[in-house]
Every structure is written in structure tokens, then in C-alpha cells.
Amino acid sequence: TFMALTMVGIMAGCAKTETEEVKETKKLSFGAMGSIDIVPIVIAEEKGYFEEEGLDLDFQLFTASKDRDAALQAGALDGLIADEIAISIYQNSGIDMKITGATNGAWTLVVGKDSGIENLEDLKGKKMAISENTMIDYLSDYIAEQNGVDASEIEKVAIPAMPARLEALRNKQVDAAILPAPFNDTAIADGGKGLADIDNADIMISAIGFLQEEIDNNEEAIKAFFAGYNKAVEYMKNTDIKEYEDIIIETVGYSEDTKGNIILPELNLNYLPDAEKVQAVFDWSKNNGIIDKDLKAEDIIIDKFVK
């Protein structure tokens, strides 16, 4: 009887250990700027989707890309949302950040109400507010070239902070600016005109990235992240926006008077950017002296976290 009870105790102890291992929480730190891209992540946190996947996510929100990048360099982030110019800069500086997904951000080229600009050709000789050596810089060239305008004929004015860029447009210090939501909506409400819309159907603007070290050593945590992210996307696609509109307003920075009029970009489960489009961004970064390495998109894009 004693031996039998002893064996039962040992087996129970083994079972407990196995259960504890199954329930062991996975951990990740993730950083992003406040934009429409992050809404699925915020909703996944609110709804407990990451917790359901056994993930303890340290989600850090930044108001400036330089602060996000400083956190990454300090080892405080395992992954992030960043534009592909930033990804190229990380790779160039020896930070092995890989593209594991794409987000659904959207941008608008807005011109001032008194700018006299009616079409893209009218941008010649006009001032456009940009953030230098970023995706905004790339997009200004891309829009020009796609519409038969020599990019060198547009005067770029470097204004890094998005709110300051909007104010410069309002105050007629610049004639045009490329703005994300909600700044584009605010500029148009002020009398500006949306001249061109840009989203990931046209060009890959921003990506979800994780460090190669995390991909190698913490793969299950990253899988849990995307499982929670996808649950949030499914929820948003199948739920009236009124149910989570307050989250969007608080997260992205919309004003309360936009309630009932917010239009989201197309929502997709995690997917990968087109390698050819990513390569075009990397090549632009190299040609403009932002990086000196020859990067190959196919080496930077990882496909193990998409369905």
C-alpha cells in the first residue's frame, strides 16, 4: 500500500509539472507609434486575446520614432511596427530586424486650401512637408514619379513631428503634406484637399518586425502574438465599429467630433508585404545615401508567422 501511494504521489507530481509547463507564460516586448495600424493590438489587449494565447505582452507606445528606436537599441524591444526605411536602417546598423508581417495603414497627400494646387502636376515648385529619410520622404518621390513629375521640382521641407507638419500646412508655411489618420482628416476638415490616397494596396508602407534572435529563441511567443492579433482583426471585421470606436479615438488621437465618421483601412489577418515593393524601398534608401549595405528583401522577409 505504501509503495502504491508513493507511486501515485510521484505521478501526480509529474502531471503537475507538465501542466505548469503548458501554462508557462510567454513574454514579448513590442513598440509602436500611435496610428491606425496599432488598433488590432490594442483591441487584442482589451479583449484578452494575447492572454488567451498565453502571452504576456509589454506593449510600449511612442510619440516619436527616435524614442522607439532608442528603446530598440537599448534592448527594451523584441519587435515593433516601423516603416521599411527604418527596417533598412536597423539592418544597416547591425540590428537584425526581420519583417514578419504587414499592417494596414493609410496616408493622404493633402494640399492647403489656398495653395492653388488642383492636381499632382501643380506640385512643381511647391513646398511639401516631409520627415526626412523616412517612408514619407520615399512616398513624396514615389507619388511624383508615378504621375510624371520630376521629384527634384518639388521643394521638400523637413518637419519631423507629425503635429508640427499639420500646423505648417494650416499656417501656409507649406503647400502640401503627406499625413496619416487622423491628421489627414483634420487637414481636410480645415479646408485642405486630399490629392492622393496611399495604402498597402499600392505600396508597402509599414511592417511588423521581430528581431532574428527572438525568432530563433522565442518563436512560440511570436506565434502567440500573431494569433492574438488575428483574433482582434476577426473581431473588428465582424463587429460594428460603434462597439470599439472609443478605442480608436483614444488610441489614434481622433477628436470626439469624428465619432460616427471614422473609416478604417481594409483589415487583413497578418500577411507579408510584396518582396518587389520592399526591395524598391531598400534600393531607394541605398541610392539616397541613407544606408550603404545592399539589402535583399527576400533575406529580410520571414514567412513562418502567416497562415
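What you see is a predicted model; the values in this text were computed from it and never measured.
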Sequence neighbours excluded, every pair satisfying salt bridge (charged side-chain N to carboxylate O under 4.0 Å, His left out) that has a member inside [range]:
range	result
residues 141-152	D141-K156
residues 94-112	D96-K98
residues 293-304	E219-K304, K286-D294
residues 124-135	none

[X] side, atom [atom1]; [Y] side, atom [atom2] - distance, nearest 0.5 Å:
X	Y	atom1	atom2	value
I130	D137	CD1	CG	3.5 Å
I81	R68	CD1	CZ	9.5 Å
E220	L55	CD	CG	11.5 Å
I87	M97	CD1	CE	6.0 Å
I85	S65	CD1	OG	12.0 Å
L72	L211	CG	CG	5.5 Å

Would you please classify the geometry between the F210 ring and the F30 ring as parallel, tilted or perpendicular, with 30° and 60° separating the classes?
->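 Rings of F30 and F210: tilted, as their planes differ by 30° to 60°.
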Should the pair Y142 and Y138 be assigned to parallel (<30°), tilted (30 to 60°) or perpendicular (>60°) ring geometry?
->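 Rings of Y142 and Y138: parallel, as their planes differ by under 30°.
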According to side chain to side chain contact (heavy atoms under 4.5 Å, CB included), who are the partners of [X], at least two apart in sequence or on a separate chain?
X	value
N171	E167, Q173
V252	I36, V39, P182, I248, Y254
E52	Y49, K231
A207	E84, I99

Within a strict 4.5 Å, meaning less than it, do heavy atoms of the M33 and L61 side chains meet?
->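 Side chain of M33 against side chain of L61, heavy atoms only: no contact under 4.5 Å found.
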I249 vs Y244 side-chain heavy atoms within contact, under 4.5 Å |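 No, every pair of side-chain atoms sits at 4.5 Å or beyond.
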Considering residues at least two apart in sequence or located in another chain, which fulfil the ring pair (Phe, Tyr, Trp, His ring centres under 6.0 Å) criterion with F50?
->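 So F50 forms a ring pair (Phe, Tyr, Trp, His ring centres under 6.0 Å) with F225.
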Give me the atom names and distance for the closest heavy-atom approach of [X] to [Y].
X	Y	result
I43	Y235	CG2-CD2, 3.8 Å
P180	M162	CD-SD, 3.3 Å
L123	A176	CD2-CB, 4.1 Å

Taking only distance into account, with no hydrogens and no angle test, what donor-acceptor pairs under 3.5 Å do side-chain atoms of residues 107-116 form with protein atoms, sequence neighbours excluded?
{"from": "T108", "atom 1": "OG1", "to": "N184", "atom 2": "ND2", "distance (Å)": "3.0"}
{"from": "T108", "atom 1": "OG1", "to": "D197", "atom 2": "OD1", "distance (Å)": "3.0"}
{"from": "D114", "atom 1": "OD2", "to": "K172", "atom 2": "NZ", "distance (Å)": "2.8"}
{"from": "S115", "atom 1": "OG", "to": "G112", "atom 2": "O", "distance (Å)": "2.8"}
{"from": "S115", "atom 1": "OG", "to": "I117", "atom 2": "N", "distance (Å)": "3.3"}

Please check: side-chain N/O of [X] versus main-chain N/O of [Y], any donor-acceptor pairing under 3.5 Å?
X	Y	value
D240	E243	no
N218	K27	yes
T251	I247	yes

Check against side-chain contact (heavy atoms from CB on, under 4.5 Å), L169 and F183 = CA-CA 11 Å; L169 187 64; F183 300 99; over 6 Å; no
Tell me yes or no: between the side chains of [X] and [Y], is some donor less than 3.5 Å from an acceptor?
X	Y	answer
Q212	D216	yes
S29	D78	yes
D69	Q73	no

Heavy atoms from other residues, nucleotides or ligands near CD of E51 exceed 12 (cutoff 6.0 Å) |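 Count not over threshold, so no.
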Check the pair I178, S140 against side-chain contact (heavy atoms from CB on, under 4.5 Å), reporting the backbone distance first and the verdict last.
-> CA-CA 8 Å; I178 298 175; S140 66; 4.1 Å; yes
Output, in order, the C-alpha distance, side-chain angles, deciding distance and verdict of side-chain contact (heavy atoms from CB on, under 4.5 Å) for Q91 and I95.
-> CA-CA 5 Å; Q91 285 287 338; I95 299 173; over 6 Å; no
Please identify each residue that fulfils side chain to side chain donor-acceptor pair (under 3.5 Å) with D246, with sequence neighbours left out.
->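 Checked D246 against side chain to side chain donor-acceptor pair (under 3.5 Å); matches are K259.
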Not counting sequence neighbours, which residues clear side chain to side chain donor-acceptor pair (under 3.5 Å) with N119? List them please.
->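 If we apply the side chain to side chain donor-acceptor pair (under 3.5 Å) test to N119, skipping adjacent residues, there are no hits.
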Take D56 and K26 through the test side-chain contact (heavy atoms from CB on, under 4.5 Å) and record every step on the way to the result.
-> CA-CA 6 Å; D56 178 9; K26 299 174 279 286; over 6 Å; no
